[in-house]
Number of protein chains: 2
Amino acid sequence: MVTIYDIAAKANVSAMTVSRVINNTGKISDRTRAKVRKVMEELNYVPNHNARSLVLQQTRSIFLLITDIANPFYTTLARGAEDAARKNGYRLLFGNSDENLAKEADYVQTILTTRVDGVLVAPAGDPSLPHLEALKKHNVPFVLLDREVPGIECDIVLGDSKDGARRLVEHLIGEGHQRIALVNGSSSISSARLRLQGYQEALKLGGIEYRDDYLFEAGFGPSHDPRGIECWFEGLAEQPTAIMAGNNVLAMAIIRLLRERGLKVPDDLSVVCFDDLGPFAEIDPFLTVAAQQAYQFGYLGIQLLIDRIITREMASPWNKIVLPADLLIRRSVKRLTPAAD
Amino acid sequence: MVTIYDIAAKANVSAMTVSRVINNTGKISDRTRAKVRKVMEELNYVPNHNARSLVLQQTRSIFLLITDIANPFYTTLARGAEDAARKNGYRLLFGNSDENLAKEADYVQTILTTRVDGVLVAPAGDPSLPHLEALKKHNVPFVLLDREVPGIECDIVLGDSKDGARRLVEHLIGEGHQRIALVNGSSSISSARLRLQGYQEALKLGGIEYRDDYLFEAGFGPSHDPRGIECWFEGLAEQPTAIMAGNNVLAMAIIRLLRERGLKVPDDLSVVCFDDLGPFAEIDPFLTVAAQQAYQFGYLGIQLLIDRIITREMASPWNKIVLPADLLIRRSVKRLTPAAD
DNA sequence: TATGGTAAGGTTATCGGTAACATTCTTATG
DNA sequence: CATAAGAATGTTACCGATAACCTTACCATA
């Protein structure tokens with residue numbers, strides 16, 4: 001590999017002069033600058049990022065840790081983050097924890113050893129606490145995305161889960177549904193808890209009693225076993241007329257399950273969910289959803305993070321951005337006549 | 001930040017002894033090892049990856065550059081790569097070029113400066129040549145994915161585009177279609193060229209004449225303007241009975257376009273495409289596709305790459321893995337009676 | 001008792017950059 | 001023409017780790 005010393009030697013200057021040319025610092029005569037530039041071209045010089053960040057104590061890179069790379073919510077979020085990072089001259093590195101604490105722990109280790117300037121994290125859930133504490137302890141600025149973690153104070157970008165869920169359920173009630181089930185993510189995830197709250201609130205407002213057997217907790221992730229949902233569904237004494245899914249991945253599992261049982265949506269059962277399905281569900285915009293502004297999660301998250309990185313102010317009050325969800329009413333909910341129920 | 005020197009001082013040993021404990025090298029007494037370990041815990045030591053890779057001249061990390069993070073083909077590929085990398089003790093970094101040469105060039109720069117041990121690249125197309133040449137020149141081992149680039153010799157994992165395309169078209173012909181259009185990716189992408197060849201071959205075998213106006217070249221990427229397709233479709237003198245899309249993103253564009261015009265698939269027009277749609281099209285497995293083994297692309301790609309990294313053999317014959325595509329026949333093709341046409 | 005082999009650990013130089021300070025070269029000014 | 005004030009460049013030390021070599025101390029053996 002070519003180093004600044006090779007260039008310095010060939011250009012008959014000191015390494016420091018080369019460094020100055022590269023970074024446009026200090027005073028360099030045009031003649032020298034041109035000479036050094038020419039040698040750099042000839043030798044195909046590429047700066048060594050590791051050496052640079054070792055002495056500078058900063059890397060100009062940000063790590064984005066998401067929980068599911070197959071989920072369009074997170075890939076869209078990632079694009080937002082990437083755009084914002086590029087715009088600010090930061091390199092963005094991605095990691096994918098798969099909603100898995102062990103992988104998350106691994107990535108936190110990577111983050112610490114590579115000395116990135118900051119981190120954007122969608123945490124796996126409340127048990128991510130020690131991971132975030134580790135970041136805190138090592139003074140790595142970070143911004144949480146999508147999920148709060150009790151015990152951690154930091155900047156955060158959230159969706160309005162409670163409100164979105166409430167509006168979804170209110171829509172169902174408005175269409176005449178009374179027996180509404182919720183298949184949710186784990187209650188160790190803040191957004192799942194809020195969606196449950198929104199669900200319960202809407203039921204209450206609608207004068208519908210909350211039933212324990214209509215709540216099932218699965219995993220938000222791609223790798224959870226769908227048979228849990230099947231068992232729950234089979235075991236139901238009274239079939240609901242509508243199911244709300246806590247996120248898009250769960251909605252997929254539910255719809256597949258219903259199809260396998262020959263149940264048509266919405267004719268036999270209505271389905272709604274949180275999060276939109278991304279471009280690949282465009283074949284037939286069918287599912288009624290509470291769509292989140294995924295791109296903004298990433299974009300705004302990077303902005304909050306870069307603010308912290310630049311000011312190095314970890315004491316000033318924490319920012320909390322709450323983005324509303326859009327209710328997109330499509331065709332997965334059947335209108336029930338009062339008599340029909 | 002805590003360094004090995006801080007630990008050395010507190011444990012009353014030399015930095016070298018600390019290094020030996022960390023890496024399990026050399027001879028260290030159990031007493032010393034325990035003492036050093038204890039101090040490391042107390043001080044929350046985290047090794048500095050930059051310093052380490054500076055002296056070792058290797059980073060144990062691999063860069064994966066994909067062209068579309070929103071495309072399930074690539075995210076599935078990414079999971080395969082991630083799994084394979086983890087299994088081999090390599091860190092995996094992702095980049096997303098968005099089918100955009102400028103972004104790709106940028107990422108190549110990042111790759112060179114960060115001195116990763118190797119790269120997995122899905123190139124934007126033939127014009128990616130200089131980027132790959134840069135990797136070659138700097139002796140960075142790389143493996144191509146999904147697309148060949150004329151002028152570059154290297155290990156590569158490909159799908160059998162020609163065969164898959166031929167089978168898709170043969171299926172259409174078998175169902176009685178004669179007027180079959182192809183909306184393809186840019187001809188500067190090898191896989192698009194092969195898909196065109198497969199298309200033409202199937203037409204020939206079926207005794208159908210190739211028509212120039214039934215070929216439209218759009219972009220494989222997420223950011224291309226769908227109005228091009230609209231114009232082409234509007235301008236058609238004779239409407240085809242079936243359209244084959246060069247990949248899944250194009251299929252989405254076509255289906256949206258048809259829907260906007262009130263044309264039903266497959267009743268009014270049949271559609272097939274290359275690549276499956278991922279979990280989020282499970283709502284209704286509808287589109288007949290040539291599905292590629294996306295996960296394997298990533299998994300096998302990493303294996304080829306790590307072989308090169310370990311042997312440092314850049315001279316031995318290049319590996320070329322060609323993965324077949326599965327024809328998944330679903331419901332987006334209408335059977336035409338000979339009379340109907 | 002001399003010898004040497006090995007276990008355990010220390011010293012020094014180096015990876016490729018940059019900050020801080022030092023030095024040399026210009027140029028304008030009294 | 002001497003000289004001071006910058007402009008242009010060089011020197012040295014250091015960022016945090018590891019490789020290569022060196023030093024002890026101890027024990028077994030002839």
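In what follows, chains are A, B, ... by sequence order, proteins preceding strands, each numbered from 1.
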- Item | Rounded (10°) bend between the five-pair end axes of the helix from C/dT1-D/dA30 to C/dG30-D/dC1 | 60°
- Using whole Å, report how far NE2 of B/His49 lies from C1' of D/dC15. 16 Å
- Query: If we ignore angles and hydrogens, is there a donor and acceptor under 3.5 Å between the side chains of A/Thr25 and A/Arg20?
  - Reply: no
- Message: Please classify the nucleic acid contact of A/Ser14 as base, sugar-phosphate, or nothing, using heavy-atom distances under 4.0 Å.
- Response: base
- Mutual orientation of the aromatic rings belonging to A/Phe297 and A/Phe73 [parallel < 30°, tilted 30-60°, perpendicular > 60°]: perpendicular
- Message: Whether B/Lys27 contacts C/dA7 is assessed here as follows: a side-chain N or O lying under 4.0 Å from the phosphate OP1 or OP2. Is that the case?
- Response: yes
- Report yes if a side-chain nitrogen or oxygen of A/Thr17 is closer than 4.0 Å to either non-bridging phosphate oxygen (OP1 or OP2) of D/dG10; otherwise report no. yes
- Just checking, any donor-acceptor pair under 3.5 angstrom between side chains of B/Ser53 and B/Gln58? no
- Task: Summarise how protein sits on nucleotides 14-21 of chain C as a single string, 5' to 3': B when a protein heavy atom is under 4.0 Å from the base, S for sugar-phosphate-only contact, - for no contact.
- Result: -BBBBBBB
- Message: I'd like to know if the side chain of A/Thr59 and the backbone of A/Arg115 have a donor-acceptor N/O pair within less than 3.5 Å.
- Response: yes
- Message: I'd like to know if the side chain of A/Asn23 pairs up with that of A/Arg52 as donor and acceptor (distance under 3.5 Å, no hydrogens or angles considered).
- Response: yes
- Message: What's A/Thr32 touching, base or sugar-phosphate or nothing? Going by heavy atoms closer than 4.0 Å.
- Response: sugar-phosphate
- Any luck finding a side-chain donor-acceptor pair between A/Asn96 and A/Tyr107 under 3.5 Å? no
- Value in whole Å for how far the P atom of C/dA7 lies from CG of B/Asp30: 13 Å
- Note on the structure: Note: A/Ser14 and A/Ala8 closest approach over all heavy atoms is C-CB, 3.7 Å
- Item | Polar side chain donor-acceptor pair, A/Tyr5 to A/Lys10, under 3.5 angstrom | no
- Message: Whole angstroms only, please: what is the CG-P distance between A/Asn24 and D/dT9?
- Response: 14 Å
